[in-house]
Amino acid sequence: MDPKTLGCLLLFPIQMLYCIVRATVSCLLPARRKSLAADTVLITGGGRGIGRHLAREFAKQGAKKVILWGRTEKCLKDTCEEISRSGTECHYFICDVANREEVYRQAKVVREKVGDVTILVNNAAVVHGKSLMDSDDDALLKSQHINTLGQFWTTKAFLPRMLELCNGHVVCINSILSQSPIPGTIDYCTSKASSLAFMESLTLGLLDCPGVSCTTVLPFHTNTDMFQGMKVRFPQLFPPLKPEVVAQRTVDAVRTNTTFVYLPWSMRALVILKSFLPQAALEEIHKFSGCYTCMNTFKGRT
Ligand SMILES: NC(=O)c1ccc[n+]([C@@H]2O[C@H](COP(=O)([O-])OP(=O)(O)OC[C@H]3O[C@@H](n4cnc5c(N)ncnc54)[C@H](OP(=O)(O)O)[C@@H]3O)[C@@H](O)[C@H]2O)c1
């Protein structure tokens, strides 16, 4: 073995140790937060649900401009007016993120009318809420287009300029179901898992791009219209998250350059358990917690 390779091999465990110590120390110290004063934030699905709270929170924490994308004009307009009243410049555009041509067309309009987007928040998603055999093919395709491919198009539209400016942040509002799927919503779990892989790959791919970072947020059940009717077995133990909390934690993660955020943090335990428990034990956890049947009462957006 040549001396250079040997040197690298010996150095590697020390680098690992350094990373672990640095991460532990930074958990204990107050994090430095970057200012959003020069940032233009675009939020897909920004008219309602978590997206609306994200718009409020980015504005509250000092973003220069907020842009909302979505399909329902009324929600977009209401949110846009609220943000503008609070003193932050806000714009909205009708854009179906599942439609590639529309995404590229509206991205161009945004650049011309508002300017460069420096923070892209991929938040828009749908849930069909059915098992595979109960789902019609069009509904399955729709979820994949919105929840997975939509991110490809929006990121392809805005990332090149962020790389030119050496200034940008791509955010994905994912879900804990991407790592711990449940039955009865196979479209959502599959598309969110794919979206997580997209973000993991993008995050690593941008390692050599100074000034451009990624954040992936993996929330537990959140109190919006998306999963209406879904019931867990112990709601007192596992209450749904408030959308405003998801928004606060997301904006804070952007400001502190945090790559992955589990909400609540205890959801990390699920991922750890999955890595070593036998399948039979995992199945028992799903039955005991009610995850196995929680989608039986699902109504969704009514
Ligand atoms: N609620 C939960 O329990 C939960 C838990 C974990 C993660 N999440 C994630 O959090 C994010 C926001 O969910 P939410 O709870 O706020 O859901 P929501 O209230 O149903 O809002 C979904 C948003 O996505 C937009 N949207 C849907 N399809 C779109 C399309 N084709 N093009 C553009 N916009 C589209 C909707 O606007 P229009 O209909 O006007 O287009 C709406 O603003 C999603 O990524 C979701 O997966 C939610």
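Indexing begins at 1, ligand by ligand and atom by atom, following the structure's order. Residue numbers count from 1 along this sequence.
For atom 11 (C) of ligand 1, the candidate residues are Thr154, Asn123, Asn223, Val126; the nearest heavy-atom contact is made by Asn123. Comparing Gly150, Ala124, Gly300, Gly49 by heavy-atom distance to atom 34 (N) of ligand 1, the nearest is Ala124.
Looking only at heavy atoms of the protein, atom 40 (O) of ligand 1 is closest to Thr72 OG1, 2.6 Å. Residue, atom and distance of the protein heavy atom nearest to atom 22 (C) of ligand 1 are Ala125 O, 3.7 Å. In this structure, the protein non-hydrogen atom closest to atom 3 (O) of ligand 1 is Thr222 N, 2.7 Å. At the top of the distance list for atom 6 (C) of ligand 1, counting protein heavy atoms only, stands Pro219 O, 3.3 Å. Given atom 14 (P) of ligand 1, the protein heavy atom at minimum distance is Thr224 OG1, 3.6 Å. Scanning the protein heavy atoms around atom 36 (C) of ligand 1, the nearest turns out to be Arg48 NE, 4.1 Å. Nearest protein heavy-atom contact of atom 5 (C) of ligand 1 is Phe220 O, 3.3 Å. Annotation: atom 31 (N) of ligand 1 to nearest protein heavy atom, Asp96 OD1, 2.7 Å.
With hydrogens and angles ignored, the 3.5 Å screen pairs a side-chain donor or acceptor of Ser178 with a backbone N or O of Ser175.
For Ile173, a nitrogen or oxygen atom sits less than 3.5 Å from a nitrogen or oxygen atom of ligand 1, counting backbone and side chain alike. Below 3.5 Å of separation, one finds no N or O of Ile146 facing any N or O of ligand 1. Of the N or O atoms in Asp225, none lie within a sub-3.5 Å distance of an N or O in ligand 1. Inclusion of Ser175 in the set of residues having an N or O under 3.5 Å from an N or O of ligand 1 is not warranted. Taking distance alone, with nitrogen or oxygen atoms compared against 3.5 Å, Trp69 stays at or beyond that limit from ligand 1. Residue contacts with ligand 1: Val97 is placed with a nitrogen or oxygen under 3.5 Å of a nitrogen or oxygen of the ligand (distance criterion only). Between Tyr188 and ligand 1, at least one N/O pair is under 3.5 Å apart. Inclusion of Ile50 in the set of residues having an N or O under 3.5 Å from an N or O of ligand 1 is warranted.
A side-chain donor-acceptor contact under 3.5 Å links Asp134 and Ser131. Using modelled atom types and a 3.5 Å distance limit, the side chains of Thr224 and Thr222 yield no donor-acceptor pair. The closest side-chain donor-acceptor pair between Asn174 and Thr216, if any, does not fall under 3.5 angstrom. With hydrogens and angles left out, the side-chain atoms of His91 and Glu89 include a donor and acceptor closer than 3.5 Å.
Close approach of ligand 1 to His221 (heavy-atom distance below 4.0 Å) involves ligand atoms 3 (O). Atoms of ligand 1 lying under 4.0 Å from any heavy atom of Cys95, numbered from 1 in the order shown and given with element: 32 (N), 33 (C).
Here NE2 of His128 is found 8.5 Å from OG1 of Thr185. Values are rounded to the nearest 0.5 Å.
Look at Asp78 and Lys74 and you find a salt bridge, because one of the NZ, NE, NH1 or NH2 atoms lies within 4.0 Å of a carboxylate O, short of that distance. Looking at Arg105 and Glu101, no side-chain N of the basic residue comes within less than 4.0 Å of a carboxylate O on the acidic one, giving no salt bridge. Of the charged side-chain nitrogens involved, none lies within less than 4.0 Å of a carboxylate oxygen, so that Arg111 and Asp116 do not count as a salt-bridged pair. Salt-bridge check for Glu81 with Lys77: passed, with a basic side-chain N closer than 4.0 Å to an acidic carboxylate O. Of the charged side-chain nitrogens involved, none lies within less than 4.0 Å of a carboxylate oxygen, so that Glu244 and Arg56 do not count as a salt-bridged pair.
Under 4.0 angstrom from ligand 1, there are no non-hydrogen atoms of Cys75. When heavy-atom distances to ligand 1 are checked against a 4.0 Å cut-off, Asn174 comes that close only through its backbone atoms N, CA, C and O.
Under a 4.0 angstrom heavy-atom cut-off, Arg52 registers as lying outside contact with ligand 1.
Under the side-chain contact (heavy atoms from CB on, under 4.5 Å) criterion, Lys64 pairs with no residue at all, not counting sequence neighbours.
Looking at heavy atoms from C-beta onward, Leu120 lies in side-chain contact with Met162 at the 4.5 angstrom threshold.
Enclosure of atom CZ in Phe260 by more than 12 non-hydrogen atoms of other residues, nucleotides or ligands within 6.0 angstrom is indicated.
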